[in-house]
Amino acid sequence: MAVRVRMAPSPTGLLHIGNVRTALFNWLYARHEGGEFRLRIENTDTSREVAEAVDQIQDSLRWLGLDWDGPHTFQLDRMDDCRRVADELLSAGKAYEDEGAIRFRMPDEGATAWDDVVRGRIEYPNEKLHDVVLARSDGRPTYNFASPLEDVWDGITHVIRGDDHIPNTPGQINIIRAIGGDVPVYGHVPMINGADGKPLSKRHGSVSVQDFRADGYLPEALLNFLALLGWAPDGETTIMSREELVDRFSLDRVSSSPAQFDYQKLDWMNGVHLRELSPEEFAHRLVLWLGENGYDWPAELVARTAPLVQEKISRLAEFPGFAGFFFGDVEPGAADLDGGGPMLAAADEALASLEPFDAAAIEAALRDAADRLGLKPRQAFQPIRVAVTGSKVSPGLFESIELLGRETTLSRLRAAADAAA
RNA sequence: GCCCCCAUCGACUAGCGGUCCAGGUCGCGGCCCUUUCAAGGCUGAAGCACGGGUUCGAAUCCCGUUGGGGGCACCA
């Protein structure tokens, strides 16, 4: 039987990174098996629904590249079907009315068990099972009724979800059996915690996909990182492309213990993926990010400056801080220029009529000037860097000066020399 | 309180009875490279929660303890 899995978020807000990890495992499994990945919006709780949430969730999934098969569906659209089944269970004596609601009659002897693909066999004594509400007194089905029903109707073969659903599972299995449906394979993946071991939340850092996107993370890096939270192909491999992930993924290697989200490791991994991009692709990503985040910088100049920072940043959001001096005026701190006056003047002189005005020639000219002043490269170049880039930390000086051009460089050098005097 | 789940370096993990005085990656320390910052190379410290079993042999299997987490809604 062909594999069919689903992601079933409730439209109550932005897509949480923990849900993305669960969605990723579903998606990886589907793609690995050549099956289908469906998107179902579980909106039976109309009171908590947020209007833009459905669009935001889809937008986030698209950005991540987690494509779903077929149109997305809404749980509430099958409200009438659920109601009909509830009535059938009622007349069959498998459910009963309780203050206007309909409750399912759970078996009270024996146990309900299943072989969880990630945790192994899990068993619940039936006497502990509560008679879950199938339909509210206003007629709307509850999640615990609609969800298993839809899994059956949609032909879902594997339900991969967060382990907070483990306690719901025995009830759902009994409901599926009561309607004569095929019980899917269940796999419960652990939640993701913050550094303190508590569930990941805002106070730990970014949590929604939108947050990570705005912070300048690459979707492929985020996916790579998330995949390794609770899953590993072996003990060695860490950097994997989307294709490798699909190729190597298997559910039986998903860990059953919870993992902590390590932002530092994510940063490192993002840097690795950033550096693996071709210069053209890196520039392209920068242009997109800058556009999304309110920077109106010319794409052509971004593309020319991008190679100078590609090895130096780990997130796209660091670009403005590193390369902003190419796009606007600088204000060097006078203290950082301290003692650099003579070298500034020497640099001015060395570059004024230098030909050709390229990085190699600039470097040779400036080294020569430094030698004549008896300065070590470190001492000599730092005031120039501050004058030209406005910062003590910058991309390569000579390449930066070449890109900036003679005119801008000289005027910044002179302004700084005046300030240092 | 009741039910369920989890437990290898600070973090993510490999390990599915001997090849492990436990390997990889992040982070941390040191060295090298170097015009700053990175990147890169080399290198160091750091772990099988505890107690019982089973076995010739246990990080690996069983039981218990402790510690974490989740659930017990006419939420999902």
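Below, chain A is the first sequence line, B the second, and so on; all start at residue 1. In what follows, every heavy atom counts, from backbone to side chain, and hydrogens, waters and symmetry copies are set aside.
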Ring centroids only, cut at 6.0 angstrom: are [X] and [Y] within range, meaning strictly under it?
X	Y	value
Phe327(A)	Trp297(A)	yes
Phe225(A)	Tyr217(A)	no
Phe25(A)	Phe249(A)	yes
Phe261(A)	Phe212(A)	yes

When both hydrogen-bonding distances must be under 3.5 Å and the geometry is Watson-Crick or G-U wobble, what is [N] paired with, if anything?
N	value
A58(B)	none
C50(B)	G64(B)
U34(B)	none
A45(B)	none
G1(B)	C72(B)

Nearest-nucleotide 5' precedence on RNA chain B, Arg136(A) against Glu123(A)
Glu123(A)

Side chain to side chain, Trp114(A) and Asp116(A), heavy atoms closer than 4.5 Å
yes

Considering only heavy atoms from C-beta outward, does the side chain of Thr142(A) approach that of Thr44(A) to under 4.5 Å?
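Side-chain contact under 4.5 Å: no.
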
In whole angstrom, give me the gap between the [atom1] atoms of [N] and [M].
N	M	atom1	answer
C61(B)	G18(B)	P	12 Å
A46(B)	U35(B)	C1'	36 Å
C20(B)	A59(B)	P	13 Å
U8(B)	G67(B)	C1'	16 Å
A58(B)	G51(B)	C1'	15 Å
U54(B)	G64(B)	C1'	15 Å
G41(B)	U55(B)	C1'	46 Å
G23(B)	A14(B)	P	16 Å

Closest heavy-atom contact between Pro279(A) and Gln310(A)?
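It is CA-OE1, 3.9 Å.
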
Could you tell me how far apart [X] ([atom1]) and [N] ([atom2]) are, to the nearest whole angstrom?
X	N	atom1	atom2	result
Gln264(A)	U25(B)	CD	P	17 Å
Leu274(A)	A38(B)	CG	C1'	12 Å
Phe261(A)	G69(B)	CZ	C1'	19 Å
Asp262(A)	A11(B)	CG	C1'	5 Å
Met269(A)	G27(B)	CE	C1'	13 Å
Asn224(A)	U25(B)	CG	P	15 Å
Met191(A)	G71(B)	CE	C1'	12 Å
Gln310(A)	A38(B)	CD	P	18 Å

Base, sugar-phosphate or nothing for [X]? Non-hydrogen atoms, less than 4.0 Å.
X	result
Arg103(A)	sugar-phosphate
Ala232(A)	sugar-phosphate
Asn43(A)	nothing
Pro199(A)	sugar-phosphate
Glu311(A)	base
Glu99(A)	base
Arg253(A)	sugar-phosphate
His188(A)	nothing
Thr44(A)	sugar-phosphate
Leu397(A)	base
Gly396(A)	base
Ser137(A)	base
Tyr124(A)	sugar-phosphate

Nearest-nucleotide pick for [X], side chain only, options being [options]:
X	options	value
Lys312(A)	C5(B), A38(B), G27(B)	A38(B)
Lys265(A)	A7(B), C26(B), A76(B)	C26(B)
Ala259(A)	C12(B), G69(B), U35(B)	C12(B)
Arg119(A)	C3(B), A76(B), C5(B)	C5(B)
Asn144(A)	C74(B), A76(B), C4(B)	A76(B)
Ser256(A)	G70(B), C75(B), A7(B)	A7(B)
Pro258(A)	A76(B), C6(B), A11(B)	C6(B)
Thr142(A)	C12(B), C75(B), C26(B)	C75(B)
Arg275(A)	G40(B), A14(B), A76(B)	G40(B)
Arg367(A)	U35(B), A76(B), C5(B)	U35(B)

Please confirm whether any donor atom in the side chain of [X] sits under 3.5 Å from an acceptor in the base of [N], or the reverse.
X	N	value
Asn168(A)	A76(B)	yes
Lys376(A)	U35(B)	no
Lys128(A)	C2(B)	no
Arg378(A)	U35(B)	no
Ser394(A)	C37(B)	no

Give a yes/no on whether any side-chain N or O of Arg385(A) is located under 4.0 angstrom from OP1 or OP2 of C37(B).
no

Do Ser314(A) and Glu318(A) meet the criterion of a side-chain donor-acceptor pair at a distance under 3.5 Å?
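Yes, a side-chain donor-acceptor pair sits under 3.5 Å.
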
Could you point out which residue of Asp87(A), Asp80(A), Asp81(A) forms a salt bridge (charged side-chain N to carboxylate O under 4.0 Å, His left out) with Arg83(A)?
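That would be Asp87(A); it is the only one of Asp87(A), Asp80(A), Asp81(A) passing the salt bridge (charged side-chain N to carboxylate O under 4.0 Å, His left out) with Arg83(A).
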
Please work out whether the ring planes of His165(A) and Tyr143(A) are parallel, tilted or perpendicular, with thresholds of 30° and 60°.
tilted

